[in-house]
Amino acid sequence: MAMSCNGGLVVTFASPTSKVCMNTSISCSSSHLSTPSPNEHSNDSTSNNSTFSYSRASPSERWPRLQIQLAETYPLSQTHFSPTSPQLIHVVKEAELSLESSKSETLEVSDETQEKLGRVSKTRVKKMSKLALKRAKDWRERVKFLTDRILGLEQDQFVADVLDDRKVQMTPTDFCFLVKYVGQENWQRALEVYEWLNLKNWYSPNARMLATILAVLGKANQEILAVEIFTRAEPAVGNTVQVYNAMMGVYARNGRFQKVQELLDLMRKRGCEPDLVSFNTLINARLKAGAMVPDLAIKLLNEVRRSGLRPDIITYNTLISACSRESNLEETMKVFDDMDSHNCQPDLWTYNAMISVYGRCGMAYKAEQLFRDLESKGFFPDAVTYNSLLYAFAREGNVDKVKEICEEMIEMGFGRDEMTYNTIIHMYGKQGQHELGLQLYKDMKLSGRSPDVVTYTVLIDSLGKANKIKEASNLMSEMLDAGVKPTVRTYSALICGYAKAGMAVEAEDTFNCMRKSGIRPDFLAYSVMLDILLRCNEITKAWVLYQEMVRDGFTPDNILYEVMLQALTKENKVEEIKMVVGDMKELCGMNLQTVSSFLVKGECYDLAVQMLRLGISNGEALDDENLLSILSSYSSSGRNKEACELLEFLKEHTEGPSKLITEALVVVLCEACQLDAALKEYSNARESGSFCRSSTMYESLIRCCEENKLLTEASQIFTEMRFCGVEPSECIMKCMIRVYCKMGFPETAHCLINQAEVQGLLLDNSIIYVDVIEAYGKVKLWQKAESVVGNVRQRYMNVDRKIWNALIQAYAASGCYERARAVFNTMMRDGPSPTVDSINGLLEALVVDGRLSEIYVVIEELQDMGFKISKSSILLMLDAFAEAGNLFEVKKIYSGMKAAGYFPTMHLYRIMIRLFCKGKRVRDVEAMVSEMEEAGFKPDLSIWNSMLKLYSGIEDYKRTAQIYQQIIEAGLEPDEDTYNTLIIMYCRDRRPEEGLSLMHEMRKVGLEPKLDTFKSLISAFGKQELLEQAEELFNDLLLKGYKLDRSFYHTMMKIYRNSGNHSKAENLLSMMKKAGVKPTIATMHLLMVSYGSSGQPQQAEKVLANLKEIGLNLTTLPYSSLINAYLQNGDYNVGIQKLMEMKMEGLEVDHRIWTCFIRAASLSQHTSEAIVLLNALRNAGFDLPIRLMTEKSELLFSELESCLDKLEPVEDSAAFNFVNSLVDLLWAFEHRATASWVFQLAVKKNIYRHDVFRVADKDWGADFRKLSAGSALVALTLWLDHMQFDVLVARLGVFLSAKKSINLVLNLKATINEFGMVLRQLLEIHEDKSVDVPQPGAVTLGWRIHKKDASLQGYPESPKSVVLITGTSEYNMVSLNSTLKACLWEMGSPFLPCKTRSGLLVAKAHSLRMWLKDSPFCLDLELKNAPSLPELNSMQLIEGCFIRRGLVPAFKDITERLGLVRPKKFARLALLSDEKREKAIEADIEGGKEKLEKLKSKVGSKRTRVVKKLRKRKFIRRPLSNPN
């Protein structure tokens, strides 16, 4: 005896030689075969009680070829029939009514007949006549009598014993009812009755009997036996409508529509016309065979009408019930309307079905409305009506409404039946309220209702889905104990539960038990079990189960086929894969392309491609979805090459252009990261129109463009997609939102979000909103960023932390600290809590708003709130102060960071070194690099580049070259910044040839210089007067297609102007126009200046005339160029005339015209000429210069200061040029005290730099670059005066020790002879502790001497050398270097030109101090105004040198004959008379010649001595060293 399983009952038939015998077994796996003993059989034919034995009663014996496993397939009399569907009830009922109402002939049996058969019985009941038997009213009692006796037989008793006994007389019709009634309880006993009648020739079954047994077998789901009996029936008996209808009913129960259709055709072929029952059965089969397609119900009704029949209420109810099962409201209403239009009155069944379909379609209140209207239609609800309405609300989970309907149902006299309980239990199961469901199950049993199979199935299914498999298993045991036999759905639900819980063994045991209990698995059971075996890698078992599944008429679904193919592929089951492919083609009807797609998903790539190619070669039309699926699988596995090969094959074998192949190729190229090829293919397809505009192609292109940062291309593709009418997918929307945010178009991205919400696309991704908010922040539209956050807060309960941080960053980008702090406070109050990013946003808001001083306050507040300042926050602060150039704060933060335990990173070192380089802190840079190397970091290229810019900026070109060498030694590849910095360095060092060579080297490594680098090279060539090289480089840029801006042409114009090639400058103007660069007034100004400097003011005037003809809005700039040209040419009257013309044209005289006239006046030889020019300015409305020359200047200082205030904000360095020209004028006409005051006023107002000279900063150096000649001479005098004063005060400081601040005002008018009096005043101040000595009305310099002032302690100590930077450029044709050298040479100063760098004058500090103390030129450095204007200009411009007019003859004589001489020698020669200077120069020349001869003779004798020494030495050959 095998282990008990589920209490299933198993039937076993007798052996061929025995009577029919049955045995009950509890086992699922074994059965007992009971064979009667021989003495139980009697062959005495004369005995009336002889037992009739027939082996044909066993189906396994009658039809051995069917291979029926009876012990596993056919249960005993307790077989549970599931509730019959309403449609089939109607069909069978009609067939049975026809049997009951028909008046069949009774079989007439006479004694003669019995004698012939040898069946004479003396004990039989007296035979009634035929007429008497027909008229007998007790047929029901007779049938019931035999039915009870047959069903009461034990398993070892036989039907033949009852029938042979012939206790009652039966008609053929009575036997039909007997088979029917017995079959309702036990189909096998009914089959025995039929077989017994079949063996009794005088009881041969007629058509009614055949229809009855077929109906019984159909209800018992014994299709195989029914087919066999129908097939073997005699044509005379089987060829009737009743039999065909019964057989069709058998097929219809299993939804085998094709078989029903074949039977219907067979009926017509045999001349048997189908009736309405036939068509109702056909409709029932079609509705069970598969899902309803649109208008199927109407087509079926029309087919009935074409056969000449009129659909009845059963037909309509069948269709409506089928629509209800599929929740197809639309088809239901069509059928109902057709029913009404054909005057077929609905019955209660119809309305019940309508209520059911409303409930299934989620229209519970519509169902309730129809329920309430039933009484008005003449019907009263029954239990089915209430249960249908109950189901409608239970489906929606409306517990209150369900309870209300239950109460109403009870009030109306309908108790809760099994269907009611099942519906409510199912509702609780869907809601996850399993405890309530189980409680209701217990209440159901307590109320006297027996839970049926539906109850248990619903409970087991809900518990299994809730992963409560233990409870589900226990419930199955209770079900079996209660005698309720599980159905296939029950077992399937339990198997699914085990599968979900991962209990594969238990699932397999349950499946096997189901089969052994005689229940054939359905599709779900097979699918779940097959899936379990495949995932557990039980390939052998899975393959056997798959074959059984196919034999039972089921095929796996698509997903299961994929899993199966994958499992078989892993195990390399080639033959099995081929068999599965064959089943997919034959059983599932898949074409080769569909099979190919499944093979690809199952990773059978080679076979998949083979199938696809075979299908295309056989002429199959290419299936778009399958091809895309195949290509997608190729892409996910990285087999893009094979995908391209497949597409090429398809191109060759597809007639005409294939849109799908083109789009697929674009997608594959995108997946292969071949974006250029994909864009080219897309462009070609778009032009030819050979693509179907699928969203997949656009999605691939846009995503690939985004990944490759081709944002413009992505935007263009998206625009074309929208233009073509393709609806964007959710993925495309997200991609484009990111793209527009990256492009800086947050408004467009925000608009896309709104469109997506309108279209119902779910963009529930906080990153999308963060991107939009950040994009709004970058363009400083924080108001719109606020609106985005507001929308998010309306849609969602909680706002993500990233969104809050993004809003803080948006405020920070606009410097809105208060708003950012408000958001921070909101996060603190409502959550989520702020993070490091939130804190950094607050700090960044302060940085952007320029409130660096408040950062420390915020940091303290955050620390008080418990926040720890992170390293990123410290780096942000350091970045901010570094950007502001605050070295002190940067150092402080850096030290604090290291003290807090944060180690510097490479990024931090970059920031620090870049800042120190920017501030030209050489020592700090070198110290930081050393610290960095000690910490284990090696300087990267960006750090070296910063150092290159540092040393290049301070013009330490030697150190710059060393840095470059270190870059090479470190193995780093110089980048564009490296090369550009070095090239610019060479340009500054006046070595443009080397810069050009480096540029060629740069191009060899594939790098291209910046346009600014080209510009620097061209400018450097121009300064070195290397015109050809500058022209070559400029033309090379034009030939290579560089788009040069206006500044390049202006630079070339200046070069041509300085070289005197004014025609080329004019040609350059036409070149500009051809290149599309529109000349501006500044361009014309340069051209006019070029003409002016060449002495061609008339040409400049033509340019001005052309400007007037063009109709440009002229300013004073071109007029200033023209006027300056005439004034430089000495045509003062014409210049004044042009001034008047300008005024007549409505232009006001401004700073440009002032500067032109003042500069011309400063260079005029005679005072009268200067007065004429200045008077012209007075007449034009500006009289300040002439008044400074003719009136007391002290009274005009406030007016001049006001004038400078107005000029400071004006562009073109208006105030700077004006002051330069004004100081030149005042110096030239000996108003030098006024010039000194103007100079100091310019320093005070930042027109001139404060560090023109730096005596007070322990640095005696001075930088006079960009100053005019007059301003430089004023600055030189003040500088020397400061140094002289510092030397004297330093000596006095030894004796003084001030405890308080002392104000000392020195009158610049005081001479050095009065210094003793100043010293006595200092001593008196020291005694009096604090005394002010003001000098009202005097032009003074204020000195504040503190008790710790270094000057009183002998400081500032001068360096070993004092440097004066003059520069090499010219200002208005005046060389500052030449002018200052002439002045210092005349004074006999120790300043000499620097040997390593041009534009520098250097003096040893000791020599300078001695010269300041002893030189007669330094005895009186006071700048004074002359009592009256001189007749001639005191200065003269000669060869770019602005020198004293009286020094001009001596300067020419000395420089022309002796060249560059030392300053003292120059001063000595300049002071001599002309005759003495002539003799001294001659003597110097002769002395030079004699010295040269002596040097030559000395060198010759030295060579002779060296040769003699070499001859005396031994010659030793040394091996040559390896050059490598």
Side-chain angles (χ1 to χ4, degrees), residues 847 870-989 991 994-995 997-999 1001-1010 1012-1013 1016:
V847 171
S870 66
K871 188 175 182 178
S872 61
S873 302
I874 296 174
L875 290 176
L876 191 149
M877 294 165 57
L878 198 143
D879 273 336
F881 283 109
E883 188 69 24
N886 194 331
L887 291 172
F888 175 76
E889 292 295 340
V890 169
K891 285 186 173 181
K892 185 170 71 173
I893 295 172
Y894 178 71
S895 301
M897 185 188 74
K898 291 202 297 184
Y902 292 127
F903 293 102
T905 61
M906 191 68 179
H907 175 67
L908 179 60
Y909 282 121
R910 286 195 200 100
I911 294 173
M912 297 290 292
I913 292 173
R914 189 182 302 119
L915 174 64
F916 289 144
C917 290
K918 188 177 180 181
K920 299 182 180 179
R921 305 290 292 266
V922 179
R923 293 180 181 177
D924 289 332
V925 169
E926 293 175 349
M928 187 62 66
V929 171
S930 300
E931 179 185 334
M932 176 182 177
E933 291 175 343
E934 290 175 1
F937 294 100
K938 291 184 178 180
D940 59 5
L941 190 59
S942 64
I943 292 177
W944 290 123
N945 286 341
S946 298
M947 297 178 70
L948 280 177
K949 292 176 182 177
L950 164 67
Y951 290 116
S952 175
I954 63 174
E955 300 181 1
D956 189 347
Y957 303 131
K958 181 179 179 180
R959 183 62 179 146
T960 306
Q962 292 175 355
I963 295 296
Y964 178 68
Q965 189 62 32
Q966 286 180 281
I967 293 174
I968 302 301
E969 291 173 358
L972 299 174
E973 291 291 335
D975 61 359
E976 291 182 4
D977 284 346
T978 310
Y979 283 113
N980 286 322
T981 303
L982 290 171
I983 292 171
I984 292 174
M985 177 203 73
Y986 284 125
C987 294
R988 291 176 179 173
D989 200 25
R991 293 187 288 168
E994 296 179 44
S997 175
L998 188 62
M999 186 189 74
E1001 181 181 342
M1002 178 182 181
R1003 283 179 165 175
K1004 286 180 182 179
V1005 296
L1007 299 176
E1008 195 66 21
K1010 295 180 181 179
D1012 289 339
T1013 305
S1016 298

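As the structure is a computational prediction, the values presented were derived from the model and not from experiment.
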Using a strict threshold of under 4.0 Å (side-chain N to carboxylate O), is an ion pair present between Arg991 and Asp989? yes
Of all the heavy-atom pairs spanning Ile968 and Pro974, show the shortest one and how long it is. CD1-CG, 4.0 Å
Pairwise side-chain contact, Pro939 with Glu933, heavy-atom cut-off 4.5 Å (strictly under): yes
Can you see which heavy atom on Asn980 is nearest to which on Pro1009, and at what distance? OD1-CA, 3.6 Å
To the nearest 0.5 Å, tell me how far Ile943 CD1 sits from Ile911 CD1. 10.5 Å
Any ring-ring contact (aromatic ring centres under 6.0 Å, His included) involving residues 899-954? Give me the pairs, sequence neighbours left out, ordered by first then second residue. Tyr909-Phe937
Met906 and Asp940: CA distance, side-chain angles, deciding distance, side chain to side chain contact (heavy atoms under 4.5 Å, CB included) verdict: CA-CA 9 Å; Met906 191 68 179; Asp940 59 5; 3.6 Å; yes
In Å, rounded to the nearest 0.5 Å, how long is the span from NZ of Lys949 to SG of Cys917? 9.5 Å
Does Lys920 have more than 12 heavy atoms from other residues, nucleotides or ligands lying within 6.0 Å of its NZ? no
Is any side-chain heavy atom of Thr981 closer than 4.5 Å to one of Asn945? no
Scanning both residues in full, the closest heavy-atom pair of Met985 with Ser952 reads CB-OG, 3.5 Å
Quick one about Ser870 and Ser873 (side-chain donor to acceptor, distance below 3.5 Å, no hydrogens or angles considered), yes or no? yes
Side chains of Ile913 and Met932: closer than 4.5 Å at any heavy-atom pair? yes
Looking at every heavy atom in both Val847 and Ala880, which two are closest together, and how far apart are they? CG2-CB, 3.4 Å
Applying side chain to side chain contact (heavy atoms under 4.5 Å, CB included), run through Ile954 and Arg959 and close with a yes or a no. CA-CA 10 Å; Ile954 63 174; Arg959 183 62 179 146; over 6 Å; no
Report the residues that fulfil side-chain hydrogen bond (donor to acceptor under 3.5 Å, both in side chains) with Lys891, sequence neighbours left out, ordered by chain and then residue number. Asp924
Supply the atom-to-atom distance Phe881 CZ to Phe888 CZ, rounded to the nearest 0.5 angstrom. 10.5 Å
Take Met912 and Glu931 through the test side chain to side chain contact (heavy atoms under 4.5 Å, CB included) and record every step on the way to the result. CA-CA 12 Å; Met912 297 290 292; Glu931 179 185 334; over 6 Å; no
Min side-chain heavy-atom separation Met928-Tyr894 under 4.5 Å: yes
Are the charged groups of Glu1008 and Arg1003 less than 4.0 angstrom apart, N to O? yes
State whether a side-chain donor-acceptor pair under 3.5 Å links Asp975 with Thr978. yes
Do the non-hydrogen side-chain atoms of Lys1010 and Asp977 ever get within less than 4.5 Å of each other? yes
Distance col, row Leu941:CG vs Leu972:CG, nearest 0.5 angstrom, shows 5.5 Å
Point-to-point distance, once rounded to the nearest 0.5 Å, from OG of Ser946 to NZ of Lys918: 11.0 Å
How long is the straight-line distance from CE of Met1002 back to CD1 of Ile983, given to the nearest 0.5 Å? 5.5 Å
Is Ile967 close to Leu948 at the side-chain level, that is, under 4.5 Å between some pair of heavy atoms? yes
Closer than 4.0 angstrom, basic N to acidic O: yes or no for Glu1001 and Lys1004? no
